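Atoms considered below: every heavy atom in the structure, side chains included; atoms not considered: hydrogens, waters and symmetry mates. Please read all numbers here as calculations on a predicted model, not as lab measurements.
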Amino acid sequence: MKSSISSFFSKRSRSSSSGSSSSSGAQDQLPYLFQLMHGRQWKQVRKCLKSKKAPSLCQETDESNLTCLSLAVAYNAPLDIIERIHQVDPSLVSRSDDYGATALHVGCLNGTSLEAVKFVMRSKKDLVTELDFDKRSALHHAVECACSKIDDSLEDSSDEATDVKSNGKSSNKDYSFVGPLLDV
């Protein structure tokens with residue numbers, strides 16, 4: 001299973017939508033802040049989070065009750081954005097979606113940065129042990145993501161295997177986001 005954010009959302013939309021709709025049509029139905037995050041328009045996201053509308057924008061969810069904090073963490077948004085969303089509404093760190101996934105679950109599933117994982121964990125320490133509806137902790141998702149990245153890397157490099165042996169190249173993939181979950 002691929003753990004990329006796009007496969008995460010396509011899996012969710014397949015399981016939660018009743019009719020067929022195009023992906024662009026589905027994105028048009030997303031809350032404004034979500035649309036900006038999908039486009040990785042971080043400057044615009046910052047502007048929204050500084051506005052008077054920030055509290056109401058941060059309350060919006062998608063059709064599966066995914067929060068803007070979960071989305072920001074999943075998209076590996078700059079840390080200042082994640083911190084600002086938490087500042088606007090600290091309760092979002094505890095909120096789970098229709099699948100029982102918190103921001104930590106979603107972030108670990110998508111290989112978010114170590115800084116984002118640490119921030120979310122410091123915000124609510126017992127998130128590490130919370131299970132989603134599939135009975136998986138954030139650590140399960142972090143390992144799943146790391147394994148998926150390794151599988152993808154092996155697939156991508158299968159033609160380069162000879163070069164790796166002869167040139168002594170090594171992978172510089174970063175799986176450090178798994179570490180803090182093991183320090184529980």
Rounded to the nearest 0.5 Å, what separation is found between the NZ atom of K53 and the NZ atom of K47?
-> 13.0 Å

Does the side chain of N76 come within less than 4.5 Å of N110's, by heavy atoms?
-> no

Note, H86 side chain near S123 side chain (heavy atom, < 4.5 Å) = yes

Value for CD1 (I81) from SG (C48), rounded to nearest 0.5 Å, stands at 10.0 Å

Between D62 (side chain) and S64 (backbone), is there a donor-acceptor pair under 3.5 Å?
-> yes

Any idea which heavy atoms bring S94 and K124 closest together, and the distance?
-> OG-CD, 2.8 Å

Residue pair V106 / V73, side-chain heavy-atom distance below 4.5 Å = no

Hey, is the main chain of L36 close enough, under 3.5 Å, to the side chain of Q44 for a donor-acceptor pair?
-> no

Does some side-chain heavy atom of M121 sit less than 4.5 Å from a side-chain heavy atom of V117?
-> yes

Looking at F119 and L79, what are the two nearest heavy atoms and their distance?
-> CB-CD1, 4.0 Å

For residues D89 and S91, is any side-chain donor paired with an opposing acceptor at under 3.5 Å?
-> yes

What distance do T67 atom OG1 and L33 atom CG have between them, rounded to the nearest 0.5 Å?
-> 10.5 Å

Do R46 and D80 have side-chain heavy atoms sitting under 4.5 Å apart?
-> yes

Taking atom types as modelled, is there a side-chain donor on H105 or Y99 under 3.5 Å from an acceptor on the other?
-> no

Are the side chain of T112 and the backbone of C108 linked by a donor-acceptor contact shorter than 3.5 Å?
-> no

Less than 4.5 Å apart, any side-chain heavy atom of C68 and any of L92?
-> yes

When rounded to the nearest 0.5 angstrom, what distance separates CG in L49 from CH2 in W42?
-> 10.5 Å

CZ of R95 to CD of Q59: how many Å apart, nearest 0.5 Å?
-> 4.5 Å

Gap separating the SG atom of C58 from the CG atom of L69, nearest 0.5 angstrom = 8.5 Å

